[in-house]
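Report on one structure; see the data block that follows.
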Amino acid sequence: MTLGGPPGPWPPAGSAGEGPEDPACEPASRRRVWRGVSASAGVALGPVVRLAPVGARAEARPVANPAANPVREDEVRRLTQAMDASDGALATQAQDARNAGSAALVEVLESQRMMVRDPLLLTFAMAALEEGWSAEWAVQRTVDALAERLSRAADPYLRERARDLLQVGDRLLGALDGAPPPPAIPAMPSILVGSELAPADLLAWPRARLLGLVLEHGTATDHTAIVARALGVPAVVGVEGGVHELEEGAEIMVDALRGVVVLGASPEERVEAEVRRLRHAQRLERRRDGRRASAALEMLDGARVELLANADRADAVAEAKAEGAAGIGLCRTELLEPCDDEMRLTSLYTEFVERAATFGPVTLRTFDFGADKPAPGRAASSASASPFGARGLRASLADPLALSRQLRAMVRAGAAGAGVRILFPMVTTLEEWRAAKALVRQAQDRVRDEGGPAMPVSVGVMIEVPSAALMADHFAAECDFFSVGTNDLMQYTLATSRHDVRSAQPAQPLEPALLRLLAPVHRAAHAAGIPATVCGELAADPVAVPVLLGLGYRSLSVAPPALALVREIVERVSAAQCEEVARACLGCRTAAEATACVRDGLAEALGVVWEDRGR
Ligand code: PEP
Ligand code: MG
């Protein structure tokens, strides 16, 4: 979320951006067009605010004559001035964030202020100066050492602070270099442009100052894209060609209906983009008005479908209700708050569940750290994040005490609303699953022993790893519900990456291999009599939704802004039509063939919806 940094060279060196397409554009020499992946539909026009990469490096430079006291004093003075300047800038920025109503950002900035003033940081840095090192290296060495300590802390909250400390280091190094402090939030609504951005940092941004998002890395199914869609922020990601070096303040157009970013758009293009932006907003509005009346949802032939919402922010619960969701199908608790304090978690989940109490149950998923949601203490790097290793339940089981604290908080929250369903992410084996269930039972016993309300909770398995999909019949016999995570299931089935657009390119929503896993998963759930909800992004894909319905899925969970779209699709098709199309898709050899099957089979029913989405 750190902003600013010196403006890059223009035009950016080595850019693969396209040359002028329209000779009428103004000024022609500055016109650039970049293409990427549309991660959240919409159009935005506005000034660029650059996201600075975290973790600038200083050199290990000794001062000229370390033995000479005046030299050391110079460095001490430089360091204390840099600390004062950074503290002052952070205070101003925290006030800006307060005025903009972003409590989350205020919290981050205030905690960074405390770090700048931390006596331990000063002591470590002074020791380096005593040894004759430059102020820059004193900062670098200190920040590295303290961040390393924090990243090993038992408390995830403290581990999370390591990233803040690296950002504090960047600020201090910038101040030593005489660079102006980066603005925390822009004075006016802007478009964030950068290499990458962690989902939590996007969530902390004040929505009113955020027009759009452009990132060099990322894909349409990574978590930053998911958050952008949930916030309704137009976003283009996976944009190659040095887009992150765009000048601060440059006016750009983000056409996230077409996956295009334009610098130096002509007046005609701007007008046309504005018209399309308005049309898109009106379409969304119309769709919403016409369809939010009731939570009951039926296909043309009367087959009932349950529509739930994915909500990772407390505010999103009210949006879900307004859009007619029948409950919360997925709350990614690591995005809600990655905290380890049991009392804090209890009040957080209780309040969340209370908000939904008037309209439906809440599915709370245990922490799913790893890959692009960094384990606390590690800087997010969507370019390098490995989807393998300790993630989800496997990572949680490595620290059973922490998992138990989270489970007790969830169990207590069960008394607050219309039911809590506890969901575990990235389940891979039955052994893991049984260990998770045993911890839930212990949590319930403990809450009961404390005299607390021990409401029954149902426990569910995320089916998002091929091993779980292949063993779905056995899992179905030992759990209360399935949530099908198509984002990860696609990634692991096709050996692609949700985080790196270059390797993610081949994965298409209707890959027959994915469909051949989804079909038996539904059959296994049906045979065991348990519900199966699709909560990955496929459930909001206008071409994939009828196929999911045709495979038998009758419960879908999507971000609130997508609820109206999915509702419209469900109401326009019959179960029989969808079954026919799904059968044809299962016989296809490629995603392109499967997509053509859906288009041919349902053009009459859904053509207008696809057109709206530029599909
Ligand atoms: C999924 O993998 O499809 C899913 C819903 O979980 P997440 O996107 O949080 O990984
Ligand atoms: Mg997942």
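Just so you know, ligand 1 is whichever comes first in the structure, and atom 1 is the first atom listed for that ligand.
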Contact summary for Glu432 and Met426, nearest pair of heavy atoms: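 Between these two residues, the closest heavy atoms are OE1-O, 4.0 Å.
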
Show me which atoms of ligand 1 lie under 4.0 Å from any heavy atom of [X].
X	result
Ile226	8 (O)
Glu464	1 (C), 2 (O), 4 (C), 6 (O)
Gly536	3 (O), 5 (C)
Arg391	10 (O)
His223	7 (P), 8 (O), 9 (O), 10 (O)
Asp488	1 (C), 2 (O), 3 (O), 10 (O)

Polar proximity ligand 1 side, Glu334 side, N/O cut 3.5 Å exclusive: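 No; the residue has no nitrogen or oxygen that sits under 3.5 Å from a nitrogen or oxygen of the ligand.
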
Proximity flag Met462 to ligand 1, non-hydrogen atoms under 4.0 Å: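 The answer is yes: ligand 1 sits under 4.0 Å from a heavy atom of Met462.
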
contact_flag Glu537 ligand 1 heavy-atom lt 4.0 Å: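 No.
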
Less than 4.0 Å between a side-chain N and a carboxylate O, is that true for [Y] and [X]?
X	Y	value
Asp480	Arg421	no
Arg583	Glu579	no
Glu319	Arg313	yes

Validation row: Ser404, Arg408 side chains within 4.5 angstrom (heavy atoms):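 The answer is yes, as the side chains (C-beta and beyond) meet within the 4.5 Å cut-off.
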
Heavy-atom side-chain contact between Tyr553 and Val484 under 4.5 Å: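 Sidechains of Val484 and Tyr553: in contact.
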
Metal-centred angle, the Mg ion (ligand 2) as apex - OD2 of Asp488, OE1 of Glu464, 10° resolution: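 Between OD2 of Asp488 and OE1 of Glu464, at the Mg ion (ligand 2), the angle is about 100°.
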
Donor + acceptor pair across side chains of Gln406, Thr333 (<3.5 Å):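 The answer is yes; a qualifying pair exists.
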
Value rounded to 0.5 Å, distance of CE in Met410 from CG in Leu348: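 Here the interatomic distance stands at 10.0 Å.
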
For ligand 1, the portion of Arg365 having any non-hydrogen atom under 4.0 Å away: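 Arg365 to ligand 1: side-chain contact only, backbone stays beyond 4.0 Å.
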
